[in-house]
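Scroll down for the structure; my scribbles are underneath it.
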Amino acid sequence: MLDPKLFRNEIDQLAAALKARGYSLDVAAITALEDKRKSLQVSCEALQQERNASAKNIGKAKAQGQDIAPLLAAVDDMKAKLQQAEAELSQLQNELEAILGGVPNVPHSTVPAGLKEEHNVVVSSVGDIPSFDFEPKDHVDLGEALGMLDFETASKITGSRFAVMKGQLASLHRALTQFMLNTHTQEHGYEEVYVPYIVNRESLYGTGQLPKFEEDLFKLDDDREFYLIPTAEVPVTNLLRGEIVEEAQLPLRYTTHTPCFRSEAGSYGRDTRGMIRQHQFEKVELVQFVKPEDSEATLETLTGHAEAILQKLGLAYRKMALCAGDMGFSAAKTYDLDVWLPSQQQYREISSCSNFQDFQARRMKTRYRNSETGKPALLHTLNGSGLAVGRTLLAVMENYQQADGSIVVPPVLRPYMGGLQVISAAGK
RNA sequence: GGAGAGGUGGCUGAGUGGUCGAAAGCGGCGGUCUUGAAAACCGUUGAGUGUUAAAGCUCCCAGGGUUCGAAUCCCUGCUUCUCCGCCA
């Protein structure tokens, strides 16, 4: 949610800024509604004032033992008038809120212009692209040949876009998670948290998945309106929904490992092979709450924390600054980290790190007490994948494969694998 | 699943349908004292909206209702705690 004042006072500038990301703001409709709201609110408050004053007078008169019957008669029609005004106002406010809640964040001034993926800018490329003296296989062929990756059984159990892993590959998957969590908690200063994987509507509204992106989510058949989390961003960011934290506690850094569930509606036919795009995948998430003046720098360090994982794993990647039109709904600025996949001869997204500024915090009413003013002020929120575990697994498989189809375990993961150096069919 | 008790400001916690946005304490902030700090004492201190500033308005878990008037009464939901039952 953007600051409502922007819609009242600077709506034309706002519309121009949003156009950069391909969003066209209905200025005329919003202005008309806003004008109507203003006048309705004024008249409604005048009626409320009248009611309060007369009720007070009646109370006084009664206390003094006077006859209050004439006073009651005088306020006879007031109630109905007020009720009608309040109903109209609240309907209008809901209407406005629905519109404003659906307006995306304004791109930060440093965000590259452009509306499409090809306008994203390469910030840096790190690591050497591996060369093979044989034809590298993709992770599906590798995993199936090892007998450790099975999509057919998964689709029997559930359906498409699920995977079954076995043996050392399943262990490698777990090792990656442990390695990431340990790195973030021990080297990057994050506190590990465990959170629910099912969330309510309020939480999804807070981080911006609702009301606009309901079709991306799995909703439970339950009258409590529960959803499976599409990312740990939702429960972790909502840890502080409605809270006021002390400035001395900042910055707050949380990391967690959760499964993520995405309906992938609208992605039919895309990435149907392998583990790139699944309905269920694991992710280690980084979330930070910082003072507004710190968020820009924090996006750099947080992205660096995700990069550190790729570096320690020895994977080649590039850091992309997303253009205005390619960013998510709530983001003011986003870096994607794309890892090199030998089978595709291209980089694929493995992490997305964003600064939401106060966009989520305003929706969640997450504030801190500013020590200078003594007043509560909105925090800035950031998050990033550190990393998507399934995609990291397939990147490791493909980049560490050998001619015989075995997979070398990256040295940093060996302590988590009982010292195992190579995954081979014999190890199943 | 059954029975009972709660949900009030940053926190703890009072609050007979009318002067209650709400006692008190803690914490915070400012001051006195002190070389400095602590202690003590004095003052101040909810959030939002609105305004040049104010006034006004809204908010006592959420949503409905009763009433001229609701933190207070009624209904529904959510949630916390205690006891019983069941259970990984």
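So that the names make sense, note that chain A is the first sequence line, chain B the second, and so on, each numbered from 1. Computed from a predicted model, the values in this text were never measured in an experiment.
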Quiz item: If you measure from the C1' atom in B/G6 to the same atom in B/G56, how many Å do you get, rounded?
Solution: 35 Å
Quiz item: Which value, in whole Å, describes the distance between the P atoms of nucleotides B/C81 and B/U76?
Solution: 23 Å
Quiz prompt | Presence of salt bridge, A/Arg348 and A/Glu398, under 4.0 angstrom | solution = no
Practice problem: If B/G36 has a Watson-Crick or G-U wobble mate with both distances under 3.5 Å, name it; if not, just say none. | Solution: none
Exercise. List the steps, then state whether side chain to side chain contact (heavy atoms under 4.5 Å, CB included) holds for A/Leu176 with A/Leu413.
Key: CA-CA 7 Å; A/Leu176 281 167; A/Leu413 295 180; 3.6 Å; yes
Quiz item: On a whole-Å scale, what distance lies between the P atoms belonging to B/U16 and B/U35?
Solution: 50 Å
Quiz item: Heavy atoms, side chains only, cut-off 4.5 Å: are A/Val389 and A/Met180 in contact?
Solution: yes
Exercise. Under a 3.5 Å limit for both distances, which nucleotide forms a Watson-Crick or G-U wobble pair with B/C59, could you say?
Key: B/G46
Quiz item: Taking atom C1' in both B/C11 and B/G28, what distance in whole Å separates the two?
Solution: 11 Å
Quiz item: Separation of A/Glu225 atom CD from B/G63 atom P, in whole Å?
Solution: 16 Å
Quiz prompt | Short N-O contact, A/Glu264 and A/Arg277, less than 4.0 angstrom | solution = yes
Practice problem: Among residues two or more places apart or on two chains, list those pairs meeting ring-ring contact (aromatic ring centres under 6.0 Å, His included) that have a residue in residues 355-392 of chain A. | Solution: A/Phe329-A/Phe359
Quiz item: Is there side-chain contact between A/Lys219 and A/Glu225, with at least one heavy-atom pair below 4.5 Å?
Solution: yes
Quiz item: If we take the P atom in both B/A38 and B/G27, what is their distance in whole Å?
Solution: 12 Å
Practice problem: Report the distance from atom CZ of A/Arg241 to atom C1' of B/A62, rounded to the nearest whole Å. | Solution: 12 Å
Quiz prompt | Base-pairing mate for B/G1 - Watson-Crick or G-U, with both contacts under 3.5 Å | solution = B/C84
Quiz item: What is the distance, rounded to the nearest whole Å, between atom CG of A/Asn200 and atom C1' of B/G63?
Solution: 16 Å
Quiz item: Are any of the side-chain nitrogens in A/Lys319 or A/Glu300 under 4.0 Å away from the carboxylate oxygens of its partner?
Solution: yes
Atom pairs under 3.5 Å, N or O on each side, protein against nucleotides 17-21 of chain B: can you list them with distances?
from: B/G18; atom 1: O6; to: A/Lys62; atom 2: NZ; distance (Å): 3.1
from: B/G18; atom 1: N2; to: A/Ala55; atom 2: O; distance (Å): 2.5

Practice problem: Between B/A70 and B/C60, how far apart are the C1' atoms? Round to whole Å, please. | Solution: 11 Å
Quiz item: Are the ring centres of A/Tyr190 and A/His305 closer than 6.0 Å?
Solution: yes
Look for any protein N or O under 3.5 Å of an N or O in nucleotides 46-57 of chain B and output each such pair with its distance, or none.
from: B/A47; atom 1: OP2; to: A/Lys375; atom 2: NZ; distance (Å): 3.4
from: B/A47; atom 1: O3'; to: A/Arg367; atom 2: NH1; distance (Å): 3.2
from: B/A47; atom 1: O2'; to: A/Arg367; atom 2: NH1; distance (Å): 3.3
from: B/G50; atom 1: OP1; to: A/Arg8; atom 2: NH1; distance (Å): 2.6
from: B/G56; atom 1: O2'; to: A/Gln49; atom 2: OE1; distance (Å): 3.2
from: B/G56; atom 1: N2; to: A/Glu45; atom 2: OE1; distance (Å): 2.7
from: B/C57; atom 1: OP1; to: A/Asn52; atom 2: ND2; distance (Å): 2.9
from: B/C57; atom 1: O3'; to: A/Gln48; atom 2: OE1; distance (Å): 3.0
from: B/C57; atom 1: O2'; to: A/Gln48; atom 2: OE1; distance (Å): 2.8

Practice problem: Please determine, for B/U67, whether a Watson-Crick or G-U wobble partner exists with both distances under 3.5 Å, and give it or none. | Solution: none
Quiz item: So what's B/U79 paired with, Watson-Crick or G-U wobble, going by both distances under 3.5 Å?
Solution: B/G6
Quiz item: Can you tell me how far P of B/G63 sits from CD of A/Glu86, to the nearest Å?
Solution: 13 Å
Self-check item: Integer-rounded Å distance: B/G69 C1' and A/Leu72 CG
Solution: 10 Å
Practice problem: Answer yes or no: is there an ion pair linking A/Glu191 with A/Arg253, defined by an N-O contact shorter than 4.0 Å? | Solution: no
Quiz item: Paired with B/A22 by Watson-Crick or G-U wobble geometry, both distances under 3.5 Å: which nucleotide is it?
Solution: none
Exercise. Quickly work out the A/Glu247 CD to B/C29 P distance and round it to whole Å.
Key: 12 Å
Self-check item: Lys NZ or Arg CZ of A/Arg262 over A/Phe218 ring: under 6.0 Å, within 45°
Solution: no
Self-check item: Inter-nucleotide P distance (B/G50, B/C68), Å rounded
Solution: 33 Å
Quiz item: What interatomic distance, in whole Å, is found between P of B/U79 and the corresponding atom of B/G25?
Solution: 36 Å
Quiz item: Rounded to whole angstrom units, what separation is found between the NZ atom of A/Lys365 and the C1' atom of B/A62?
Solution: 13 Å
